[in-house]
Structure formats: C-alpha cells, structure tokens
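First the structure, in the form of structure tokens, and then the observations on it.
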Amino acid sequence: MEYKTIEKDGSVQEEIKKSRFICHVKRVYTEEEARDFITAIKKEHYKANHNCSAFIIGEKSHIKRTSDDGEPSGTAGVPMLGVLENHDLSNICVVVTRYFGGIKLGAGGLIRAYAGSVALAVKELGMVEIKEQAGIGLLLSYSQYQDFAHFLKGHELTEYDTAFTDKVSTCIFVDKERKAAIQEDLTEFFKGKVEPVDKGNREIEVKL
C-alpha cells in the first residue's frame with residue numbers, strides 16, 4: 001500500500017482580478033467523507049458565487065469526481081482534478097470557493113485560476129507518501145542501546161515506541177523489501193546477542 005496525499009488539511013486563498021479564490025483541502029478516505037466536506041464548505045461559504053470541487057479516492061485512485069458548481073462547463077472541476085492527477089495525489093478532496101469581484105475572467109482565465117488555486121494549496125500544505133512498512137522490535141541493554149544510535153544513523157532509520165525499564169525496548173520500521181537485510185545487519189551488529197522480533201506492518205508518512 002503506497003500512495004501520495006496532502007500533508008495536512010487546510011486552506012489557501014488568493015485574489016485574481018478582484019475575485020477571491022479560497023482552496024480548501026482535506027484528506028478523505030470515502031466518497032461519503034468527500035461529499036460531507038463539500039457540503040460543509042458550501043454551508044460555510046453560502047454567500048460565495050461558486051464552490052467548485054474535485055476529489056480522488058483509493059490507493060489506485062479509482063474514484064474521481066468533479067463539479068463546476070455553476071461555472072462554465074469544464075472550467076473549474078476538471079482543471080482542479082488535473083492538478084491532483086499531475087501530483088499523483090489520492091485520498092484528497094479540494095473545494096475552491098469563489099467570491100466574484102466584478103471582472104469576468106473568460107474560460108481560459110477561469111481554468112488558470114481554479115487550477116492555480118489548487119496548485120498553490122498543494123505547494124503550501126505539502127505532500128506526503130503513505131507507505132506500509134515492516135516493524136522490527138528489539139530488547140536492548142542500556143550499553144547496547146547506546147551503540148544502537150550508530151546503527152540507526154548508518155542505516156538512516158528512526159526509532160519508535162521506545163520504553164525504558166530495566167532494559168530498553170524499541171522498534172524500527174523499514175520498507176518491506178529491506179526487512180530481511182536489516183534483520184541480518186542487526187544480528188551481525190549485536191554479534192548475535194539481540195533477537196529481532198517481528199512487529200507487523202504499520203502505515204507511515206514520509207514527507208516529500
């Protein structure tokens with residue numbers, strides 16, 4: 001399971017020829033969640049001229065929907081979706097609220113404005129890759145734990161769920177295809193005195 005999505009929910013706004021465009025972004029995992037988010041934004045910005053939307057759902061991005069919400073057909077939802085597709089994002093819903101400022105933008109201007117609004121939001125809010133990694137648990141003496149820092153640095157790994165009692169229990173997560181090699185390296189590093197334990201898989205986020 002691997003896909004890219006937005007790092008955090010949020011909104012970003014800009015003014016284009018006196019019209020205010022606000023792009024609202026949220027992580028969603030079902031079509032129902034996406035539609036609830038769109039409804040909530042429409043309710044919050046009920047005085048806006050348009051609340052156009054696009055969402056992509058699923059690890060394989062199999063659910064895609066758009067709405068122009070009264071803008072000329074093809075000038076809002078589809079360009080917004082195109083930005084999400086270009087960034088290879090999924091499990092994401094975007095709603096661009098437009099408060100009309102009195103100057104018409106024309107079809108090309110609208111496409112640029114709606115796509116640009118989503119692109120700006122993605123840039124500002126950041127992207128992450130969601131990966132399923134394999135967990136390896138370790139029970140270490142305090143002196144072994146001090147040495148463990150060198151192992152982590154050498155393999156560019158991070159420790160998780162570390163607990164200190166009479167010994168130190170800790171855990172690392174690695175790409176599934178690296179698991180066997182890392183376990184071998186750990187056994188060698190600790191000269192066979194530490195037994196790596198399988199901790200199952202966990203979904204982690206890697207900032208892009």
Side-chain angles (χ1 to χ4, degrees), residues 1-133 175 203-208:
M1 174 172 52
E2 282 188 23
Y3 62 92
K4 293 176 192 167
T5 192
I6 201 79
E7 184 179 358
K8 56 182 181 283
D9 299 344
S11 63
V12 174
Q13 64 176 302
E14 61 180 336
E15 193 176 291
I16 300 168
K17 291 188 177 175
K18 297 190 177 177
S19 277
R20 190 155 61 104
F21 289 84
I22 311 165
C23 183
H24 315 268
V25 188
K26 184 176 173 61
R27 270 197 218 183
V28 292
Y29 299 94
T30 64
E31 190 163 348
E32 186 183 14
E33 268 186 90
R35 295 201 181 281
D36 286 348
F37 177 59
I38 294 164
T39 301
I41 296 298
K42 283 185 170 183
K43 196 176 281 187
E44 184 185 344
H45 292 276
Y46 67 94
K47 289 185 176 176
N49 300 81
H50 309 279
N51 286 288
C52 306
S53 58
F55 60 84
I56 301 179
I57 291 166
E59 287 167 48
K60 298 198 165 41
S61 306
H62 60 287
I63 299 173
K64 297 180 182 183
R65 303 278 185 270
T66 65
S67 166
D68 293 316
D69 195 42
E71 291 284 29
S73 179
T75 61
V78 170
M80 289 162 60
L81 184 73
V83 174
L84 301 183
E85 289 174 328
N86 288 342
H87 285 90
D88 202 19
L89 296 170
S90 192
N91 289 347
I92 181 172
C93 180
V94 291
V95 183
V96 176
T97 299
R98 181 190 184 193
Y99 287 92
F100 182 56
I103 299 172
K104 290 192 174 181
L105 301 181
L110 286 172
I111 289 167
R112 283 192 296 277
Y114 279 101
S117 184
V118 175
L120 180 66
V122 169
K123 185 182 175 189
E124 294 280 321
L125 298 171
M127 297 185 294
V128 290
E129 186 173 19
I130 308 291
K131 286 178 159 190
E132 192 171 74
Q133 291 195 319
D175 291 343
E203 210 177 73
I204 64 132
E205 296 185 9
V206 181
K207 193 171 163 60
L208 296 171

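- Looking at Thr5 and Asn91, their side chains never bring a donor and an acceptor atom within 3.5 Å of each other.
- Residue Thr97 holds its OG1 atom at 14.5 Å from NZ of Lys47, rounded to the nearest 0.5 Å.
- Partners of Arg20 according to the salt bridge (Lys or Arg N to Asp or Glu O under 4.0 Å) rule, which considers only residues two or more places apart in sequence or in another chain, do not exist here.
- Counting only heavy atoms from C-beta outward, the side chains of Phe55 and Ile63 approach each other to under 4.5 Å.
- In terms of modelled atom types and a separation under 3.5 Å, the side chain of Asp69 and the main chain of His50 share no donor-acceptor contact.
- Evaluation of the salt bridge (Lys or Arg N to Asp or Glu O under 4.0 Å) rule for Lys123 yields no partner, not counting sequence neighbours.
- Listed by chain and number, the residues in a side chain to side chain contact (heavy atoms under 4.5 Å, CB included) with Glu44 are Ile41 (sequence neighbours excluded).
- Heavy atoms only, all atoms of each residue included: Ala113 and Ile16 are closest at CB-CD1, 3.7 Å.
- Remark: Lys207 pairs with Glu7 by the side chain to side chain donor-acceptor pair (under 3.5 Å) rule, at least two apart or across chains.
- Counting heavy atoms from C-beta on, the side chains of Thr30 and Ile57 never come closer than 4.5 Å.
- For the atom pair OH of Tyr99 and CD of Gln13, the computed distance is 9.5 Å after rounding to the nearest 0.5 Å.
- Annotation: side chain of Ile130 is not in contact with side chain of Glu2 (no heavy-atom distance under 4.5 Å).
- Residue pairs that meet the side chain to side chain donor-acceptor pair (under 3.5 Å) test with at least one member in residues 31-42, sequence neighbours left out, are Glu31-Arg35, Glu31-Arg65.
- For Ser61 (side chain) and Ile56 (main-chain N/O), no donor-acceptor pair under 3.5 Å exists by modelled atom type.
- Partners of His24 by ring-ring contact (aromatic ring centres under 6.0 Å, His included), not counting sequence neighbours, listed by chain and number: His45.
- Shown here are the salt bridge (Lys or Arg N to Asp or Glu O under 4.0 Å) partners of Glu129, two or more places apart in sequence or in another chain: there are none.
- Nearest approach of Ile6 to Gly126, heavy atoms of both residues: CD1-O, 3.4 Å.
- Pairing each heavy atom of Phe21 with each of Val96, the nearest pair is CD2-CG1, 3.9 Å.
- Of all heavy-atom pairs between Val12 and Leu120, the closest is CG1-CD2, 3.5 Å.
- When all heavy atoms are compared, the tightest approach of Phe37 to Cys93 is CD2-SG, 3.7 Å.
- Taking OG of Ser19 as the reference point, atom CG of Leu105 lies at 5.5 Å (rounded to 0.5 Å).
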Could you give the side-chain donor-acceptor pairs of residues 70-86 under 3.5 Å, partners two or more places apart or in another chain?
| unit_1 | atom_1 | unit_2 | atom_2 | d |
| --- | --- | --- | --- | --- |
| Glu71 | OE2 | Arg98 | NH1 | 2.9 |
| Glu71 | OE2 | Tyr114 | OH | 2.6 |
| Thr75 | OG1 | Pro72 | O | 2.6 |
| Glu85 | OE2 | Lys64 | NZ | 2.8 |
| Asn86 | ND2 | Gly82 | O | 3.3 |

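- For Tyr29, there are no ring-ring contact (aromatic ring centres under 6.0 Å, His included) partners at least two apart in sequence or on another chain.
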Practice task
Test Val122 against Met127 for side-chain contact (heavy atoms from CB on, under 4.5 Å), laying out the working first.
Solution key: CA-CA 7 Å; Val122 169; Met127 297 185 294; 3.8 Å; yes
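- For the atom pair NZ (Lys4) and CD (Glu59), the distance works out to 15.0 Å, reported to the nearest 0.5 Å.
- The CG atom of Asp88 lies 12.5 Å from the OH atom of Tyr3; values are rounded to the nearest 0.5 Å.
- With sequence neighbours excluded, the residues forming a side chain to side chain contact (heavy atoms under 4.5 Å, CB included) with Gln133 are Lys131, Phe173, Asp175, Ile204, listed by chain and number.
- Partners of Ser53 by side chain to side chain contact (heavy atoms under 4.5 Å, CB included), not counting sequence neighbours, listed by chain and number: Ile38, Ser67, Val95.
- Shown here are the salt bridge (Lys or Arg N to Asp or Glu O under 4.0 Å) partners of Glu205, two or more places apart in sequence or in another chain: Arg27.
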